[in-house]
Amino acid sequence: MTHNIFALMRERVVAALRTVLPDLPEEALARVEVTPTREAAHGDMATNAALVVAKPARRKPAEIAAALVAALAGDDQVATAEAAGPGFVNLRLHPAAWLAQVPAVLLAGEAYGAGTAGQGVRVNVEYVSANPTGPMHVGHCRGAVVGDVLANLMAKAGFEVTKEYYINDAGNQVTALAWATYWRYLQALGTTLSEEEFSGQVPGGLQYRGDYLVEIGTELAALHGEALAAPGVQVGAPADWMDTVRDFTLARMMDAIREDLDLLGVRHDVFSSERALAEAGAAGVTIELLRGAGLIYEGVLEPPKGKAPEDWEPREQTLFRATEFGDDVDRPLRKSDGSATYFANDIAYHADKMRRGADVMIDVLGADHGGYVSRMTAAVKALSAAANAPCTLEVVLCQMVKVLKDGEPVRMSKRAGTYITLRDLLEEVGRDAVRFTMLTRKSDAQMEFDIAAAVAQTRENPVFYVQYAHARCRSVLRAAGEMLGAAALTPQDLAQADLGGLTHEADLALIRRMASWPRVVESAALAREPHRIAFFLYDLAADFHMLWNRGRDDAALRFLRAEHPAETRARVALVAAAATVIRSGLAVMGVTPVEEMR
RNA sequence: GCACCCGUAGCUCAAUUGGAUAGAGCACCAGACUACGAAUCUGGGGGUUGGAGGUUCGAGUCCUUCCGGGUGCGCCA
């Protein structure tokens with residue numbers, strides 16, 4: 001059940017257009033839009049119908065617009081229709097058509113806004129996917145929120161959504177992590193080695209010197225005593241301890257990451273392990289699949305131009321013909337020791353997602369992975385063709401977040417230990433403010449996150465402003481409960497209210513805004529732009545605050561008037577509907593609708 | 001050197017995916033508290049959408065090319 005009044009009117013416009021021009025091709029009709037107007041003088045909504053069909057119909061836009069106006073004049077929802085500008089048709093609906101949206105909201109509840117545009121298409125949204133080599137920090141946070149809200153949004157728009165996390169638990173990084181934990185383990189046992197002496201025995205040297213591994217090393221010491229060390233608490237042969245230490249460390253790191261995600265309100269449906277795929281030989285299977293399609297060859301790549309090729313030497317590699325699918329160069333799938341590259345594993349992983357049933361895959365990535373996009377989309381195109389399983393990959397890139405504290409940028413440096421963990425940020429700012437603020441920018445624009453601004457209790461802070469609007473709604477409804485009795489405030493009861501008295505422009509502005517929510521959900525989902533939800537809620541809150549204050553200047557616009565029960569009932573219905581839409585939007589964002597601000 | 005992302009009011013950002021006269025907040029100026037919550041609201045000034053071409057009924061949005069910022073560039077993940 002959808003309540004999208006713009007979609008409804010679009011159908012009526014298209015029907016009218018068919019009567020005017022019976023021979024129009026379907027693809028011309030597909031371009032017809034009915035959109036809210038920017039200018040009040042242009043009515044409630046406008047359609048470009050006459051403009052987009054002018055060429056196929058070989059008629060002038062103005063002629064078509066005039067005919068369309070005549071055809072729409074009889075529509076029971078339309079008060080006025082007029083041609084304007086280069087060929088727009090502006091529509092003004094009867095107030096009753098707008099007022100009817102209020103009971104529709106009340107009866108739908110928080111489900112209001114849900115739509116069917118997704119048509120049950122299966123979407124796999126992969127996000128966060130932080131390496132389990134350290135705690136989550138603010139760099140991961142934006143992608144986590146963007147991915148989570150995008151998934152919620154698409155589900156509301158009628159897609160069948162799976163939220164997925166890819167654990168990068170294979171490769172050299174994880175081995176280095178195990179060595180770092182092993183050092184903490186030896187320390188816990190009181191080794192006589194210095195850090196530098198130990199580092200000298202680690203292939204590639206000791207990485208990950210952060211103290212978050214101390215606790216894990218201590219636990220290992222408690223569990224295994226000196227069994228994992230050589231006599232005298234010295235470095236033992238990796239074969240004797242590596243598996244144990246690595247598995248234990250990975251499990252602990254993933255526990256920590258899941259805890260952090262939980263605090264952020266992010267929950268994935270599926271966690272996929274790179275290592276599990278690698279051990280099952282998935283990369284090899286995938287490479288053979290591509291080889292069967294003629295997309296694999298052994299060859300030598302050209303050195304990159306302009307970049308100093310000091311240590312460059314030509315090398316024969318197993319290459320994937322990515323250039324056949326729009327990438328710049330062909331990409332290696334095997335390292336010189338024959339093992340799969342990260343990219344090869346990732347292709348296998350995407351093949352796995354396809355096999356499990358996805359029509360669309362969306363990867364939410366940090367901008368530092370921007371160079372990865374063209375090769376992965378090329379790989380998915382190749383898989384789609386080779387396996388004859390149509391599936392597309394889209395990438396949502398999240399630009400860097402610059403954190404400001406007291407107006408000063410916080411330098412993020414792992415070496416200096418000055419980076420802010422996600423947990424720090426959540427403790428300082430709170431989950432709601434973090435989530436909302438992360439969506440106050442387009443994801444592909446760089447963002448400054450000002451800690452002071454995110455907790456400010458003023459209009460300039462959208463999360464506060466929106467929550468305050470909801471709290472005010474609840475405040476009115478509490479008072480209304482005292483006045484009318486709680487039984488009179490059920491959605492079913494309020495939906496029966498006579499709304500004829502809601503004629504002020506501020507009333508209708510709020511109602512029109514609420515009525516645009518289903519349209520916002522649909523368009524934001526189709527555009528993969530979750531930030532639009534935050535902006536919608538801000539605008540909705542502004543409409544509500546404005547109406548509230550109108551009641552100061554004009555007592556007739558106050559929500560509660562004891563001597564006018566019928567008007568009060570209508571306005572309480574309006575307030576209840578506004579609160580419902582705010583909750584519906586906040587639910588998508590994963591932000592709490594607070595009852596009061598005190 | 002090449003690829004991708006970004007460039008909009010003094011500042012931080014929108015702009016219904018190609019729609020009509022480009023909008024909000026902050027800052028600045030002038031106003032509204034015996035009040036359903038003034039943590040709010042009303043009004044005002046502020047623009048060659050980085051520059052230049054092009055596509056068409058119509059461009060902040062698409063194409064080309066410069067300028068400026070960011071990210072990345074063969075066996076790291």
Side-chain angles (χ1 to χ4, degrees), chain A residues 6 33 35-39 41-42 46 48 51 54-55 60-61 84-88 90 131 133 168 170-174 274 300-307 309 312-315 317-319 327-339 341-343 345-346 366-374 397 399-400 440-442 444-448 450 453 456-462 464-465 468-469 471-472 475-480 483 516 519-520 523-524 526-527 529 531-532 535 538-539 542 545-546 548-553 555 558-561 568 571 575 596-598:
Chain A
F6 294 93
E33 292 180 337
T35 58
T37 55
R38 250 181 263 209
E39 297 274 325
H42 296 151
N48 61 355
L51 289 163
K55 191 164 281 182
K60 288 181 181 170
F88 290 102
N90 294 331
N131 291 349
T133 54
N168 295 138
N172 300 332
Q173 301 290 335
V174 175
E274 178 186 0
V300 180
L301 289 175
E302 295 291 310
K305 293 186 175 64
K307 196 189 172 194
W312 178 273
E313 23 184 286
R315 211 178 270 123
Q317 297 169 298
T318 301
L319 297 170
D327 199 2
D328 303 324
V329 302
D330 292 338
R331 303 288 179 175
L333 298 183
R334 288 197 186 282
K335 306 177 189 175
S336 50
D337 67 359
S339 65
T341 60
Y342 177 82
F343 180 49
N345 280 330
D346 211 7
D368 53 341
H369 291 76
Y372 197 68
V373 175
S374 56
L397 283 184
Q399 289 290 337
M400 301 288 113
T440 54
R441 304 282 181 274
K442 268 189 302 209
D444 54 7
Q446 286 157 254
M447 170 161 81
E448 295 191 345
D450 189 326
Q457 308 232 320
T458 65
R459 172 171 189 161
E460 65 200 275
N461 181 7
F464 166 77
Y465 189 68
Y468 183 40
R472 274 183 149 178
S475 176
V476 170
L477 292 170
R478 281 192 296 272
M483 188 180 288
S516 71
R519 180 189 152 77
V520 169
S523 61
L526 294 176
E529 291 189 349
H531 73 280
R532 293 193 199 179
F535 283 90
Y538 186 83
D539 291 340
H545 286 306
M546 183 171 75
W548 179 291
N549 246 62
R550 284 278 152 77
R552 300 181 175 284
D553 305 329
R558 289 169 60 89
F559 300 124
L560 303 176
R561 293 192 296 157
T568 295
R571 294 198 173 276
V575 171
E596 55 184 358
M597 304 299 288
R598 293 179 201 281

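Naming: A, B, ... by sequence-line order, numbering from 1 per chain.
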Q) Taking CG from A:L319 and C1' from B:G74, how many angstroms apart are they, rounded to a whole number? A) 9 Å
**Q.** Contacts of type side chain to side chain contact (heavy atoms under 4.5 Å, CB included), residue A:A453, not counting sequence neighbours
**A.** A:D450
Q | Inter-nucleotide C1' distance (B:G31, B:C6), Å rounded | A | 40 Å
Q) With centres under 5.5 Å and planes under 30°, do A:F535 and B:A14 count as stacked? A) no
Q. How close or far is atom C1' of B:U71 from atom CE of A:M447, stated in whole angstroms?
A. 17 Å
Q | Residues in side chain to side chain donor-acceptor pair (under 3.5 Å) contact with A:N549, at least two apart in sequence or another chain | A | A:R552
Q.
If you define the side chain from C-beta out and look only at heavy atoms, does anything of A:D368 sit under 4.5 Å from A:M400?
A. yes
Q: For B:U17, measure the glycosidic angle (O4'-C1'-N9-C4 for a purine, O4'-C1'-N1-C2 for a pyrimidine) and name it syn if it falls within 90° of 0, otherwise anti.
A: syn
Q.
In whole Å, measure the gap between the C1' atoms of B:G74 and B:C2 for me.
A. 15 Å
Q: For A:H545 and for A:Q399, locate the closest nucleotide of RNA chain B by heavy-atom distance; then report the residue assigned to the nucleotide nearer the 5' terminus.
A: A:Q399
Q: Let me know the distance between CZ of A:R532 and P of B:C13, rounded to the nearest Å.
A: 19 Å
Q | Rounded distance [0.5 Å steps], CD in A:Q173 versus CG in A:N168 | A | 9.5 Å
Q. Rounded to the nearest Å, what distance is computed from the CG atom of residue A:L333 to the P atom of nucleotide B:A77?
A. 13 Å
Q: Would you mind calling B:C5 syn or anti? Take O4'-C1'-N9-C4 for purines or O4'-C1'-N1-C2 for pyrimidines, and syn is within 90° of 0.
A: anti
Q | Non-neighbouring partners of A:L477 that pass side chain to side chain contact (heavy atoms under 4.5 Å, CB included), sequence neighbours left out | A | A:R474, A:V572, A:V575, A:A576
Q. Looking for any heavy atom pair under 4.0 Å, which part of the strands does A:F464 touch: base, sugar-phosphate only, or nothing?
A. base
Q. Side chain of A:H531: nearest nucleotide among B:A14, B:G74, B:A20?
A. B:A14
Q. If the sugar-phosphate is the primed atoms plus P, OP1 and OP2 and the base is the rest, what is the B/S/- string for nucleotides 25-37 of chain B, using protein heavy atoms under 4.0 Å?
A. SS--------BBB
(Q) Once you apply a heavy-atom cut-off of 4.0 Å, does A:S336 come out as touching a base, just sugar-phosphate, or nothing? (A) base
Q: List for me each residue that meets side chain to side chain contact (heavy atoms under 4.5 Å, CB included) alongside A:K335, sequence neighbours excluded, and say none if there are none.
A: A:N172, A:D337, A:S339, A:T341
**Q.** Paired and unpaired positions of RNA chain B as dot-bracket, Watson-Crick or G-U wobble under 3.5 Å, | denoting a partner strand
**A.** (((((((..((((.....[...)))).(((((.......))))).....(((((..]....))))))))))))....
Q.
Using a 4.0 Å heavy-atom cut-off, does A:G171 contact any base of the nucleic acid, only the sugar-phosphate backbone, or nothing at all?
A. sugar-phosphate
Q | P atoms of B:U12 and B:G18, separation to the nearest Å | A | 27 Å
Q. B:G72 base stacked by A:H369? Criteria: ring centres under 5.5 Å, plane angle under 30°.
A. no
Q | Gap between atoms CG and P, on A:D327 and B:C2 respectively (whole Å) | A | 17 Å
Q.
I'd like to compare against my own output: the B/S/- annotation of nucleotides 55-63 of chain B with a strict under-4.0 Å heavy-atom distance to protein.
A. --B------
(Q) Tell me if the side-chain of A:N345 makes a donor-acceptor pair with the base of B:A77, cut-off 3.5 Å, by modelled atom types. (A) no
Q: Using a heavy-atom cut-off of under 4.0 Å over every strand shown, decide if A:A456 touches base, sugar-phosphate, or nothing.
A: nothing
**Q.** side chain to side chain contact (heavy atoms under 4.5 Å, CB included) partners for A:F535, two or more places apart
**A.** A:H531
(Q) Considering every strand and a 4.0 Å limit on heavy-atom distances, what is the contact class for A:N90: base, sugar-phosphate, or nothing? (A) base
**Q.** Atom-to-atom span, CG of A:L397 to C1' of B:C4 - whole angstrom
**A.** 8 Å
Q) Heavy atoms under 4.0 Å, any strand shown: does A:R334 hit a base, just sugar-phosphate, or nothing? A) nothing
Q: Assign A:E33 to base, sugar-phosphate, or nothing according to its heavy-atom contacts below 4.0 angstrom with the strands shown.
A: sugar-phosphate
Q | Nearest-Å distance once atom C1' is located in both B:C28 and B:C67 | A | 32 Å
Q: Would you kindly compare A:E274 and A:L526 by the position of their nearest RNA chain B nucleotide and give the one closer to the 5′ end?
A: A:L526
Q) Using a cut-off of 4.0 Å on non-hydrogen atoms, how would the nucleic acid contact of A:A84 be classed: base, sugar-phosphate, or nothing? A) base
Q.
Just to verify, what does A:E460 make a side chain to side chain donor-acceptor pair (under 3.5 Å) with, not counting sequence neighbours?
A. A:T458
Q | Test ring pair (Phe, Tyr, Trp, His ring centres under 6.0 Å) applied to A:Y465 - qualifying residues, sequence neighbours left out | A | A:Y538, A:H545
**Q.** Value in whole Å for how far the C1' atom of B:G1 lies from CG of A:D328
**A.** 13 Å
Q. Is there a side-chain contact between A:V476 and A:W548 (heavy atoms, below 4.5 Å)?
A. yes
(Q) Angle between ring planes, A:Y372 versus A:Y342, binned at 30° and 60°: parallel, tilted or perpendicular? (A) tilted
Q. Can you name the residues that form a side chain to side chain donor-acceptor pair (under 3.5 Å) with A:E33, not counting sequence neighbours?
A. none
Q. Base, sugar-phosphate, or nothing: which does A:A367 touch, judged by heavy atoms less than 4.0 Å apart?
A. sugar-phosphate
Q. How close or far is atom P of B:C76 from atom OH of A:Y342, stated in whole angstroms?
A. 14 Å
Q. side-chain contact (heavy atoms from CB on, under 4.5 Å) between A:F6 and A:T35: does it pass, once the steps are laid out?
A. CA-CA 7 Å; A:F6 294 93; A:T35 58; 5.9 Å; no
**Q.** Results of side chain to side chain donor-acceptor pair (under 3.5 Å) for A:S374 - residues two or more places apart only
**A.** A:D327
